[in-house]
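Working notes, beginning with the structure itself.
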Amino acid sequence: MGRILATRLLRLGATLFAVTFLSFIMTSLLPGDPVNAILGVDAPRDQETVDRIRDELGLDKPLPVRYVNWLGSAVQGDLGESYINRGQTVWGDTIVQRLPVTAQLAFMAIIIAVILAVPIGVLGAYRQGRWEDQTTSAGVQVALSVPNFITGIFLIWLFAVKLKWLPASNWNRISDKGLIANLETAILPSTALALTQMAIFSRLVRSDMIATLQENFVLSAKAKGLSDRYVLFRHALRPSSLSLATIVGINFGALLGGTVVIETLFAIPGLGFRLINAINQRDILVIQGITVFVAVAYVLINTIVDLLYTVLDPRIRKG
Amino acid sequence: MTATDPGTKTEFPSERLTKVSTAMSIDARQGTPPKRSSPWAVFKEMPIFVKLSAVWLILVFGGAIYAKIDQVIFNGALPLQDPNFQTNNFDPSTGEFGTGDPIESPSWSHWLGTDAIARDTFARIVHGGWVSLIVASVAAAFGIIVGGFLGSLVGFIRGRTETIVMSIIDVILAFPALILLLAMVSIFKVRDLFIIAMVIGFLSIPAYTRVSRANSLAISNREFVLAARAIGTKPATILRREIIPNVLPTVLSYAMVAAAFVIVVEGSLSFLGLSVQLPTSTWGNMINQARRDIDLNLLQVVAPSLALVFTVLSLNQVGDWLQKRSAHRASAL
């Protein structure tokens, strides 16, 4: 166990180094003078600002030194300031403000997806090869092929434009408007995100369940005269859900960076929407900050999931 | 799959070896050796839905190529409307405005109606396929040539090279895909089809490398490779004649599924306004432009959405089927 932990941590360290370094050199990859890239060639400027940026970026120092300096302040939560919206810090005013919104979306999407996927997957396995399985499998195939922004548009069309049940865009924070108003704005975007996840999860549950249903303990449970439903959900589901738990964790991490399109479609003030704004405004430090944050979060979540998996499944721990 | 590799045309690689190592692989040679079948023979094998998918792909991408030829070589003389022509435009030669209207319903002259600035939607969808086709093909080419080769190589030679290459691959895969793509795209001020295709192509390499390495690892342990080593064949020759021809079918069928993913990614970029610049039509930017008037004319959103979804679904169907088929053939190897 200790050995596994050590190698995992070593690999984690290497990956974190590479991910942060790649995000960092983004500013150096920009063609021409980074100051120009940051301010924009035709933007009004004064010598003081130019000097400040040069100083902040430490452009006179070699790249490794600049990286270590940048990493040093990044670890302390200093990712610089937006050059478009002056005085807005990348960490405090952007990431800390917006992460809860994106995290809530990702979390709700995963919950909705799991709630839908488990019954569908179990049904598919239980009625393997019959019409129920064939119908759900076909549905899952289609769901996998529909990009989330298309789902989102048609949800808006149905529930906001035609039925007028829910707002088409915007976001109510729980702290401002309360939970109900918040959910009203959150349910459509998270459902749009959930569809693809549901398809991925239910495929996994189905194939794992088919394997589990062939085990001896399922046979003996059936032989004891337990009902099919009891056997399915009490005996077979738990051993089948280990890989589901893994993919849920990994996809939650991926969704932190995967809500970009949906946030833009629904005008939700999350990390992704800000990232797109920053790209359009060429607000380099905001792009860099969000990129490095999302990437590090993704790597950390993956490692935690990986370790949990090792703890939960003794076969892997020993192997 | 029409791989015209001169090495595989004359004899199937493991065919030659059986003469040397019958004792080792006598059971593996049961039945007929997998032959390179013609595209038509492959098509006939397909179940009905896969057939329909293949037909759709041929129509969409054939249409896109036709539209491009029309635009570039014949200057719009072939029968298909100009995707950027606004049918209500003022025409200086006649001194009159065009007779078209924005958001027209479907008619014989505009099969799928017109968009918000009176351009023919059908023509824009047909032309929109070009961007998807190019991005998907460039990504597949990068993936198969670079990723496929790299994966076959490191899976076969192992050792430190493998560790280094796979570590680099793992780091690229450690980024959430869309975020890395956005960060790379944001570096470029002017985004044209070439840059978008290059960036997406470059980012496709890691996944292909993983797939082909896994296959290469498995194949490197097979009897015929062992036999080839035993008779003193040079490693480069084994790689060329045994490993790569056997990794290739899997990588090619993976390319279909990967292309589906790449088309969705390009669609998302277009939808965000970060792919090729307007007025070039892509399915993603058509959906984005039309969604503002979705209550006025649903069809302008539905038509490009269906084009995108059908194409992705078809690639998935054909890709899955090819993957199953190549897995089945590998087990007969």
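Because the structure is predicted, anything quoted here is derived from the model rather than measured. Note on naming: letters A, B, ... go to the chains in the order of the sequence lines (proteins, then strands), and numbering restarts at 1 for each one.
Contacts of A:L275 with chain B are made by side-chain atoms alone, with heavy-atom separations under 4.5 Å and no backbone atom involved. Looking at B:V185, neither its backbone nor its side chain comes within 4.5 Å of chain A, counting heavy atoms on both sides. Neither the backbone nor the side chain of B:N288 has a heavy atom closer than 4.5 Å to any heavy atom of chain A. Within the 4.5 angstrom heavy-atom criterion, only backbone atoms of B:L173 (N, CA, C, O) approach chain A. Looking at B:I168, neither its backbone nor its side chain comes within 4.5 Å of chain A, counting heavy atoms on both sides. Residue contact with chain A, scored on non-hydrogen atoms closer than 4.5 Å, is absent for B:L269. Both the backbone and the side chain of B:L313 come within less than 4.5 Å of a heavy atom in chain A. At a 4.5 Å heavy-atom cutoff, B:I263 makes no contact with chain A through either its backbone or its side chain.
A salt bridge links B:E162 with B:R213: the distance from a Lys NZ or Arg NE/NH1/NH2 to an Asp or Glu carboxylate oxygen falls below 4.0 Å.
Within residues 147-157 of chain A, the residues having any heavy atom less than 4.5 Å from a heavy atom of chain B are, in residue-number order, A:P147, A:F149, A:I150, A:I153, A:F154, A:W157.
Pairing each heavy atom of B:F43 with each of B:K51, the nearest pair is O-CE, 3.4 Å. Nearest heavy-atom pair across B:V312 and B:V264 is CG2-CG2, 3.7 Å.
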